[in-house]
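Structure first, then comments.
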Amino acid sequence: MNASAHTARSTSALLYLSGVTVSFDGFRALNNLSLLVEPGEMRAIIGPNGAGKTTMMDVITGKTRPDEGEVVFDGQADLTKLDEAEIATLGIGRKFQKPTVFESHTVRDNLLLALAGPRSWYRLLAATPTKAENDRLDEILTVIRMGAQQHMLAARLSHGQKQWLEIGMLLAQDPKLLLVDEPVAGMTDVETETTAAVLREINKSHSVVVVEHDMSFVRALGVKVTVLHEGSMLAEGSLDQVSADPRVVEVYLGR
Amino acid sequence: MLILRLLAGLLPVLVSLLLAGVAMAADLGSLVTNLTTGGFGDREAAINALAASGEARAAPILEALSAGRLYVRSADNLVVIGKQDGDKLALVDAVTGKPVGSAGEDELNRIRINNRLRGVIDDAVGTLTLMSPNPDMRRSAANSLFKQRSASALAAVEHAMAAEKDPAIKRAFGEAWASIVLASSDASREQKLKAIPILRDRGDADAFGMLRDAEASSDPEIKAAATSAATSLQQTLAVWEAAQNVWYGISLGSVLLLAAIGLAITFGTMGVINMAHGEMVMLGAYATYVVQQVILAYSPGLLDASVVIALPLAFLVSGAVGVLIERTIIRFLYGRPLDTLLATWGLSLALQQAVRSIFGPTNREVRSPSWMSGSFHVGQIDVTYGRLWIVLFALMVFATLILILRKTPLGLYMRAVTQNRPMASAMGIRTPRVDALTFGLGSGIAGLAGVALSQIDNVSPNLGQGYIIDSFMVVVFGGVGNLFGTLVGATTLGIVNKFLEPYAGAVLGKILVLVFIILFIQRRPRGLFALKGRAVE
Amino acid sequence: MIQRFLWRGLDTRLRLFIGLVLLVGIVPPLLNLLLPPSSPLYVPAYVLQLVGKYLCYASLALAVDLVWGYCGILSLGHAAFFALGGYCMGMYLMRQIGSRGVYGNPILPDFMVFLNYKELPWFWHGFNHFWFAAPMIVIVPSVLALALGWFAFRSRVTGVYLSIITQAMTFALMLAFFRNDMGLGGNNGMTDFKDILGFPVQADGTRATLYFASALVLALFLVIAGAVVGSRFGKALMAVRDAESRMRFLGYRVEGYKLFVFVLSAAMAGIAGALYVPQVGIINPSEFSPGNSIEAVLWVAVGGRGTLIGPVIGAFLVNFAKTYLTGALPEIWLFALGALFVAVTLFLPRGIVGLWGQYKARQERTKRTATA
C-alpha cells in the first residue's frame, strides 16, 4: 500500500534476499540465505526435505518474520516490515503446496475474489462486478478450461481441477511475481506437462519462482535452478550444471 | 507411659531445679504447712503465697491439691502427695519431692478444698507455668501474658525471665515483660524506654498496635521512641505482609495449577477444548466424598487416610469418564475445535445435572483429615497445613506428569502424535489409543485436582464451573503445549490475584486479572512460552 | 442505491420467510387486542410475552450466526452485548419510574436510595430521555465489540482462543455487574418498570406493540444480514471463514472484514436485548453468564449455521422445548440440552436447514438419474 515509504535499497533485481536467517526454537530453518531474481525471470528452487524452501516462501510473503537479513521487492519495498495483505497488494502472488480454494464458493466467485481490484471491506459492501471484470473472468475461465464448471462449488472439484482453479486465481490476481509451491504434486504426467506449459506461458508476462521436487518437471521448465540445503544456497545454475556439482549429488544421494 | 518418658527427658532439668531449691526448702516448708491450717479463707491466702514464691515445687503441690491428692500424714504431720499404688498410696514428700514410703487412706488426712479454691488454684498454676519444666508450657504462658498485659504478673515474669535458660523462651518472657510494662501506669520511664525496642524487634501486628498505643503517652521521650519504633516496624510488617501474600498467591496458584494441568494436556498436546474439564474435577471431589462416606460407615478409624485412599479412585473415575468421552464423542470431532467446544459444553451440563440428580443440589461435606488441619508460623507468615499439603501435592502431580511425558513409552507416543500424527501412525503407533489414553490422563489429573479441591471448596455440582475459565486463562497465558509455562502461568496469576485483592477487592481483582490476560493474549497470542515454527499452524 | 443494496441480497425463499416473520408479528397482537378472551382464537397476553421473548432470541441468534456461520468467529460473549443493550433500556425504564418507586425519590432509583447513594452516578445522566437511551443501546455494545475486536483481530487471535477471550469478557462483565458499587443494581438488577415512552409497560396495547416491534426488528435484521451476506463483501467474508490466510495472500485486510461484521453483530444483539427487557420486565447480571452465550450458539447450530433462516428456526425450537421441559420435567431439561449440544455437533453439523438442503439435493439427484 504505502510500500514506497520503506525504502531499503535500490537494485535492479525484482526480488532480493540477503543474509536471511530464521530460527525456530534454536533450529535454523534459514541460515544466511541470499537470492536474486531478475524481472521477467523464472527460477526453480530445489532441495531435499527441510532445506528451507517453504520457510523461504513464508518469509517472502510475510507469513514469517526473519530474525536477520533483508528482503527487497521491486527495488524498494522492504518486505520484512509488511504483512501478507500489503505484500500481496504490492504484486506477489502465492500458490500453496496444498491447493487452497474457497470451497463454499463457486469457481467463478473464487476467481472474482482473486481478481485484481478493490480489497477494502467498505468498497466491497456496495461493489457489483463491472463489465471489464466479467470479461476478464470469462477470459481466465477459458485459459484454465473451466468455463463449464464456473457455477460449480469449488468443494466438488477434483484435485487436479482445484490446482487449475488456483493457477487461474493467480492469473486473476495479476501479480508481478508468482511464488508457486510444488504445483505438480499428485498430478499425472500429462497434467504435469500441461502445467509446465502454462507456467511458461505465464512467465511471458510475469516473473515466477517455482519450488519443486519433480526433476522431470524442472527439466521441462528449462530455467535457472537454485539448490537449497540446510537453509542456505548450495549451488546455482542450469539443471545440468547443478546436477554435476558433487556437493549437490551428495546432498541428494545421501552420505 | 507418656508421663514416664516425659519425666525421663526432664530428669536433668528437675535435678538442677531441685538442687537450686534446697536452699529455699525451709521457706517452702512453712508455705506448704500454711496450706494445712486455718479455714478456706486462710487457705486461699496460702495458695497465692505459694504461687507467688516462684518455687519449682509449687506447681506439683498445687496440682495435687486441686486433684485432692495432697494429704497430711497422721503419724508425723508431714505434708505428702499420694499416688494410688495397689490398695495403698505411694507417698512423696510435698516439699522435697522425695518418696517417703506408702500408707493406706486411713493413715492420712486429705487437705480439702471447695470449687472456689479450685478456681484460685487454676489461676495460680497459670502463672506458675512460667516456671514449668515443660518448655512448651512456658512458651505458651509467656505468649498469653503478652496478650493479657496484666500488671499483677510483672513480678512473676521478671522472676521467670531471670531463671530461664532457653534463649527463645527468655525472649518471649522479655516481650511479655515489655508488653506489660508499656501498658502499666506504674512502670518507670526507663522501663518503658527499654520495652519499646523489645516490642519493635518482636515485629508483629500485635507489637505494632502496642507501639501505636504508646504513642499516646504524655511523656515526649516515650512518644518519640514509640513513634520511631512503630515506623520502622511498619516497614517490617509490610515486608511480612508481602511475603504472606506471596504464600497465599502460591497457594492459589497451586490450586490453579492442579485444575489447569489436566487441561494443559488435553488442550496443549491434543488441541482439544474440553469444556467439561471442570466437571472432571467435580467428579474427583465427589469420589472423595463417596470414599469418605464408605469409610465412615464401615471403618471410621481410617478416616484420616480417606483422602489418600480417594486419590487413586478419583483418578480412575475421572480418567475412565474421560476415556469414555473421547471414544464416544471427541474422536469424531478432531479438526473441528469449535464443535468440540460446543459438544463438551453440552456434556458438562449433563454431568452437572447427573450429579445433581444423584447427590442433590446442596453442598456435601468432606472432612479434612487431622494431619491437614492446624497451622504454623514461618516468621510472621501463617501457613495452614491444608494449604501446604495442596501446594506439595500440586508439585508432586506436576513432577510426575513431567516424568510420564519424558520417561515413559506413553509419553513418547504422546509427543510423537502431537508433533506429527500421520508419521506416528505410519511408525505403527496406534494413534486412536494414544488419543484416548492422553485424554484419560488429562481427565484423571482433573480428578486428582478434585480430591484436593474437596478440602478447600464446597463440594457441589457447580464446583467445576468456577475453575474452567481460570484454567483456560492459565494454559493460554503460560503458552499452549508447554507444561512449564502452565506452572509459571498458574503461580504468576495466583500471586497477581492475591496482590490485587487488598487494593481492589476479590471480585474486582479477578476482573482485573481477566482484563490483563485478554490484553496479554493480544500482545502474545501464543502465551508466555510459545512454541515457534511451522508445526504450530 | 441503498435500497438496491438491501434488496439484492434477498432470494425468494428469504423474502417468503421475512413475510412469515412479519405475519407472526402482526396477527397474534391483533387477535389479542381485538377478540374477546372467550373467543377460541384469542391469544392470551402470556403467549404474546413468550413469543415476543423468542423473537428477541431469534434476533440474537441471527447476530451470532452472522459472525460464526458466515465469518467463522465463534463468539461466546454475545449474551454480553445482548445484556448491555438490555441494561441501557433498563436504565431508561428505571428513570421513567420517577417518584413512583417504593422510596418515592424523583431522581434516584430505589436500589440507589437503598444503597445510600447521594446523587446519580455520572453514567446515568441522559438516560431519562429516550432520544439518548436509544442510540446508547447500539453504541455501548458496538464500542465494546470494536475495542475487543480491534485488539483481537489485529493480533490474529482466532479460533478457540477468540472464543475463550469472548467468554472471559462476558464472565468479567458478569462479575462486575454483580457488584453493588457498579451503580447498576448489583445482584437484583433492575425491575418494577412502569412506563415506556409514556405508555404503561404492563398494558395490553404496550405489550402488543413491543411484540410487533420485536418481529419488525427481526425482519429488518434479516434484510440487513441478507444484504451483507449476498454482497461481494459477504463472499469475501465466507472466504475468510474458509481460508483466512489465503485471503491475506490475495491482498485482503482480513481484520477490517471481521471487525465490521463483529461490530454489526454486537449492535444487533444490543437492540435485541433492549426489546427483550421491557417484555420480561427485568434485567440482572445473570444475563451475562457464559452459559447464555453458548446457548445462543446452540440455537444457531440447531437451526443451521451459515444460513439466515436457520438461526431463527433454531431459536424458536430450542426455546420452545426449554419452556416446555423446564415446566413439565425440570430434571430432564439440562440432560436434554446437553444431549442436544452433542447430537447437533456429531450428527447435524449443518443444522435443520442444512438437513433440508441435503434432502432436496438427494431428491434432485435421484430425479436426474431417473430422467437420464
Side-chain angles (χ1 to χ4, degrees), chain B residues 267 271-273 275-276 279 325 328-330 332-333 336-354 356-357 461 465-466 468-473 475-476 480 505-527 537, chain C residues 68 72-74 76 147-148 150-179 181-182 245 289-291 293-295 297-298 300-301 305 330-347 349:
Chain B
F267 183 37
V272 165
I273 295 286
M275 285 303 227
E279 277 58 46
I325 292 174
T328 52
I329 295 170
I330 289 175
F332 301 107
L333 295 173
R336 287 162 59 193
L338 298 182
D339 284 305
T340 315
L341 192 155
L342 293 179
T344 49
W345 177 268
L347 266 176
S348 80
L349 293 180
L351 281 171
Q352 278 173 36
Q353 185 58 37
R356 203 173 284 127
S357 301
Q465 268 187 332
I468 184 73
I469 292 182
D470 282 346
S471 308
F472 271 113
M473 293 295 131
V475 174
V476 170
V480 176
V507 174
L508 206 58
K510 205 171 166 67
I511 296 170
L512 285 175
V513 168
L514 285 177
V515 171
F516 163 71
I517 293 175
I518 290 175
L519 291 176
F520 177 83
I521 293 179
Q522 324 279 4
R523 296 230 43 93
R524 300 196 61 165
R526 305 216 172 273
E537 291 294 311
Chain C
W68 182 40
I73 303 169
L74 177 55
L76 298 184
L148 187 81
W150 192 77
F151 277 120
F153 300 143
R154 245 170 43 108
S155 24
R156 302 201 183 168
V157 178
T158 54
V160 291
Y161 290 90
L162 193 86
S163 304
I164 300 293
I165 282 199
T166 52
Q167 188 174 38
M169 173 201 76
T170 191
F171 188 64
L173 280 171
M174 179 177 76
L175 292 179
F177 274 70
F178 264 123
R179 289 158 44 87
D181 37 3
M182 270 292 274
S245 68
S289 87
S293 293
I294 301 196
E295 240 177 84
V297 170
L298 179 70
V300 178
R305 64 189 88 159
E331 286 265 298
I332 298 298
W333 164 241
L334 279 180
F335 286 122
L337 187 65
L340 196 57
F341 269 106
V342 176
V344 165
T345 44
L346 279 185
F347 307 117

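All chains are named by letter (A, B, ...) in the order of the sequence lines, taking the proteins before the strands, and each is independently numbered beginning at 1.
Both the backbone and the side chain of B:Ile329 come within contact range of chain C, with heavy atoms under 4.5 Å apart. In this structure, the portions of B:Leu338 lying under 4.5 Å from any heavy atom of chain C include both its backbone and its side chain. Contacts of C:Val297 with chain B are made by side-chain atoms alone, with heavy-atom separations under 4.5 Å and no backbone atom involved. For C:Leu76, the part sitting under 4.5 Å from any heavy atom of chain B is the side chain, from C-beta outward, and nothing else. For B:Leu342, the parts lying under 4.5 angstrom from a heavy atom of chain C are both the backbone and the side chain.
Between B:Gln353 and C:Leu337 the shortest side-chain heavy-atom distance does not fall below 4.5 Å. Side-chain contact check for B:Asp339 versus C:Pro349: every heavy-atom pair is 4.5 Å or farther apart.
The line from CD of B:Gln465 to OG of C:Ser289 is 8.5 Å long, rounded to the nearest 0.5 Å.
Listed here is the closest heavy atom pair of C:Val342 and B:Ala343: CG2-O, 3.6 Å. Closest heavy-atom contact between C:Phe335 and B:Ser357: CE1-OG, 4.0 Å. Residue C:Thr345 comes nearest to B:Arg336 through the heavy atom pair O-NH2, 2.9 Å, listed as atom of the first residue, atom of the second, then distance.
With chain B as the partner, the residue from C:Trp68, C:Phe171, C:Phe178 showing the most heavy-atom pairs under 4.5 Å is C:Phe171. Per-residue heavy-atom pair counts under 4.5 Å with chain B were compared for C:Val344, C:Ile164, C:Ile294, C:Leu340, and the maximum is reached by C:Ile294.
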